[in-house]
Structure formats: structure tokens, C-alpha cells
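Quick notes on the structure that follows.
Letters A, B, ... mirror the listed sequences (proteins, then strands); counts begin at 1.
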Number of protein chains: 2
Amino acid sequence: MIDKQLMKLRVRDDISPEEEQALHDAQGQVIDYPADHTFITAGDELNCSTLLLEGILGRYKDLSDGERQITELHVAGDFADLHSFTLKHLDHNVMTLTPAKIVQVPHEKLKRITEQHPHLARVLWFSTNLDAAIHREWEVSLGRRNALQRTAHLFCELQVRLGIVGLATEAEYRLPLTQVQLAECLGLTSVHVNRVLKELRERRLVEFRSARVKIADLAGLRSIAEFDPAFLYLDRRPR
Amino acid sequence: MIDKQLMKLRVRDDISPEEEQALHDAQGQVIDYPADHTFITAGDELNCSTLLLEGILGRYKDLSDGERQITELHVAGDFADLHSFTLKHLDHNVMTLTPAKIVQVPHEKLKRITEQHPHLARVLWFSTNLDAAIHREWEVSLGRRNALQRTAHLFCELQVRLGIVGLATEAEYRLPLTQVQLAECLGLTSVHVNRVLKELRERRLVEFRSARVKIADLAGLRSIAEFDPAFLYLDRRPR
DNA sequence: CGTACACTTGAGCCGCCTCAACTGAGGTGG
DNA sequence: CCACCTCAGTTGAGGCGGCTCAAGTGTACG
């Protein structure tokens, strides 16, 4: 059930059979959520973390004028709030953007892992640092890339991240998000996202339609986005 | 020498005398760097982390057109690249924005801490998650706040972070950054930062001049920025 | 067959950028 | 001691990328 999480971890690190077992044993309740459901609210006291099995989640913050910024997307295999293990409560909300299946991992079991499996603990620590690296890349997009580059960059990022867990090829992947949700990731309005998607289509780079991303020219897409997958740390760490 | 780091950690957590000793013992070489010096470049293989004792550091990425985005500022007491312990190399550069004194902490010693001091390991893990929370707040600023709010928000953030280590009062703090460097944090041009600073001054909220931030109206400043210090996790974590 | 919701497109506006000129404070060498 | 350079900061004029407002189209679902 946590095979996608293991695929993700094993891209970057060795996971021994004992460590795999420890992860298996850490699993708690499995839950299915509908789309558009906020299941963690900023400030809630948390005693378990959420491992995503299927679907797409978003971490987000709302402002008083109703604007929303999604700060990271999560795909199958991601821990959506592993950081709540050390933070105890979150500074942001977490919602489903599509219907989603998750499994809860009690913090008590994570604590035991830190005490009994130091290497696995470091691997989990790495996972939260990878989330931070994704945040940094989004900061660069939001601060310095224009709407076209920013959108292209997000499609490139998701192609790699979904590819790791077998949910994307170089040519396409399923992405059941609305243009409003994309806009909330990109710091744009949905109207402008719509125009950008049109331009990406007309330039024969990528087509986003009916919940699919069809990449016509991956090299070209990466080129205009200045996409460098280094921030996703795809190389293996020495044990 | 690491007293500011301990001040920072103890705002959020209990640090036992043994743990304090372990941190002391982890210290390696002390180095003084001049201002404007990039001492970690993306991709460099790293075997120690950098604890900042004095000065201000910035994590940043450059784009091909010469634009730069600073993704986080570091102040005395911060680990500037504790995450390099799990990442092994960084996806971004780290530079001094002012003259700075740092102490290196070998990864080998951090590894020993994860094996012998699980609680302290979690505290350090927390520190990197706090950096991620700061990244998220900057994403919100860059994505959804206008130039005035964004600038005000940064001044509020630094007031709290410098206050923790005794380098800021509610009324003022030293901040020897240029307007160009501020612009690189804020995703703006230095010309526009200059106009924003003028407006903040004219509105009697905050004055930034000759390396000092003088806060005329902290409540007002926080109000226009919608600043909520919750993202800095100032509450104590149960042991 | 009506309602809701995602998407699409046009027209006009505005926040921030670009380009450029100028001021002022150090620092340095003749 | 001053002429000169450099670099941070300041200000104005004009342009443009993305926003706002508004009116559509398409489609799924009751």
C-alpha cells in the first residue's frame, strides 16, 4: 500500500528490509476523502502525519481578502504533513484537490523510528527538506518568473514527481486540477492562467485539457521554464 | 559562542545540559567572511553545516537573465544550511549579505547526535522545518501580497526573529542591507522598493535608513502586512 | 431542460517595471 | 585638499504584464 512512498524514498536512498518493515508497521488508519476537503487546519493539534496514497493534496494559506496561495502540491507517495511530527501543529491548511486516499501515521510511531532507526529517521528528515527545496523553487517562480515560465515550470516539476511514482511519462500525465487551483499555485488569476495555457498550446509546448497534461515538446517546455530538476534531488545519497 | 543558537532553540524546546554539551562539542572551525561573499554554491559536496554567529546571510538562486531571488534570510543563531546534512549538496547558493562570523559543524558530529540524542535530533529537524515555514510565508508574500504589504511583512518577520536573539526591540533593530538586497528578497526592483520605503515612511509605519529599521507603529505595520507570527512557531513544544 | 460550474474571450485599467538622470556619501590618489 | 570614482539611494516619465469586470460557451447532471 505504501509502495509509492517506497518508490519515492528509494530514488534517493537505500531502504533496508528492516526499515521497510518499520514503515509498514507505522501505518494507522486509511481514509478516503472527497475532493475539495480541508482536513487539516492551521493550528490544530496533530498527533499523526498523513501519507498520501492516491489523489492530489495542496498545502495552502488564505488571506483576508479571500485570496489563496497554495504553497505546495502533493502527489501519491508524498507525506503531506510529515513536518507536523516536529511542529505539533501547522501554520497552513491541507486540503484535497481531488478525491484522495490517505493513511495516517501516528507521531508516536515516528518517534520510535527516530529512536530505533537513525538512518530511516534521516531519510524522513530528508523528505521534509525536499519539501523545503520545492518551496524555494516556487519562491523563485513567484518572485522572478513571468506567468508563462511559471506555469511551464510547474508542469515540468509535476512531470518529474509523478514520473518517480509511475504516474507520468515524458509525454503525458493525468492532472485533474481546475484552472482556479492552478492559479492558486501560481500566484495568478484564473483568467490569466487560461490565457497562458492557450499560449503554451499555441506554441506547441504543452496542452492541458480535460484533466490531462500532454507534453508536446518536453525539451522546449523545460527550456522556457529554465527547469533544472536538481532541486528535486534525484541523485542517490551515500548511506 | 553558540548562545544565540541556544536562545533560539529554547524559545521552542527544552534543551538539557547534556544536549547543550553535545551541541558545544559539535562545533568545528570558526570563520570570518567579508560581506557579499558566496561561500556555498549549489551542487558543492558538503560535509559540514554552517551556524551563523554574527551578521546576515542569504540563500539565493540566480536566473539566466541575471535576476536573483533570495529565498530566506538568516540571522545570528540560525543554522544556514543544516539541511545540507540530509541533502549532501544544496540546490541554492548561500552568501553573506554583511560581514559574518560562522562556525562549522561537521556532518559526522550531527550524525552522532541523531544516533545518541534522539530528542536533540528532533529539535534540529524542527529547525529545518521552521525554515520551510518561513519559505511558505514568503511564497504567500510573493504570490499574493502587494509590494507594500510584502515589504512590511518582511520587516515584521525580522523584528520577531532578531528579537528572539536579543537583536531587536519592538521599536527598532539594525539591518545593514541595501535596497537592492531587499528587492532580491521581495521579488521587486530596487527602484520600486525605494518608492515603497518612502510610502511606509510617509505613512508613519516604519523608517528604513542608514542600516536601521525604526518601527514607528508596530501594530499598524503588522496590520497592513496581515502579519501573524504563528508561522514562526514561538510556542513551546512538549518534550 | 434548467442549473451550476469550468472554461473562454474582450476591453480597459493599474501596479510595478524600464530607462534615465540626478544627489549624496565615502574612498582614493595626485 | 580637492578631483574623481564608485556605489546606494532618489525621482520622473512612459510602458507593459497581469488584473478586473463582464459577457459569453460548453458540458455534466439533476
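Rounded to the nearest 0.5 Å, atoms CZ (A:Phe231) and NE2 (A:His153) are 5.0 Å apart. Annotation: the span from A:Thr38 atom OG1 to A:Tyr33 atom OH amounts to 11.0 Å, rounded to 0.5 Å. Between B:Ser223 atom OG and B:Leu205 atom CG the span is 9.0 Å, to the nearest 0.5 Å.
Under the salt bridge (Lys or Arg N to Asp or Glu O under 4.0 Å) criterion, B:Lys101 pairs with B:Asp32, sequence neighbours left out.
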Are any protein N/O atoms closer than 3.5 Å to N/O atoms in nucleotides 23-25 of chain C? If there are, list each pair with its distance.
none

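Atom pair A:Arg201:CZ and C:dC7:P shows a separation of 11 Å (rounding to whole Å applied). If you measure from atom CD of B:Glu184 to atom C1' of C:dC17, you get 16 Å, rounded to the nearest angstrom. Atom CZ in B:Arg145 sits about 18 Å away from atom P in C:dG15, given to the nearest Å. Following rounding to the nearest Å, B:Glu207 (CD) and D:dG9 (C1') show an atom-to-atom distance of 14 Å. For the pair A:Glu199 CD and C:dT9 C1', the computed distance is 15 Å after rounding to whole Å. Atom-to-atom, CG of A:Leu148 to C1' of D:dC16 comes out at 15 Å; the value is rounded to the nearest Å. Regarding B:Glu202, its CD atom lies at a distance of 12 Å from the C1' atom of D:dT11, rounded to whole Å. For A:Leu182 and C:dC7, the CG to C1' distance is 12 Å, given to the nearest whole Å.
The shortest heavy-atom contact between B:Asp44 and B:His89 is O-CB, 3.1 Å.
Checked against the 6.0 Å centroid threshold, A:His83 and B:Tyr233 do not count as a close aromatic pair.
Both the sub-6.0 Å distance and the 45° axial angle are satisfied by B:Arg68 relative to the ring of B:Tyr60.
The stretch residues 186-198 of chain B touches DNA chain C through B:Gly187, B:Leu188, B:Thr189, B:Val191, B:His192, B:Arg195, each having a heavy atom within less than 4.0 Å of the strand.
Each of B:Ile56, B:Leu97, B:Leu57, B:Ile102 was compared with B:His74 under the side chain to side chain contact (heavy atoms under 4.5 Å, CB included) criterion, and only B:Leu57 meets it.
B:Thr128 and A:Asn129 form a side-chain donor-acceptor contact under 3.5 Å, judged by distance and modelled atom types alone.
The side chain of A:Gln179 places an N or O atom within less than 4.0 Å of a non-bridging phosphate oxygen (OP1 or OP2) of C:dT8.
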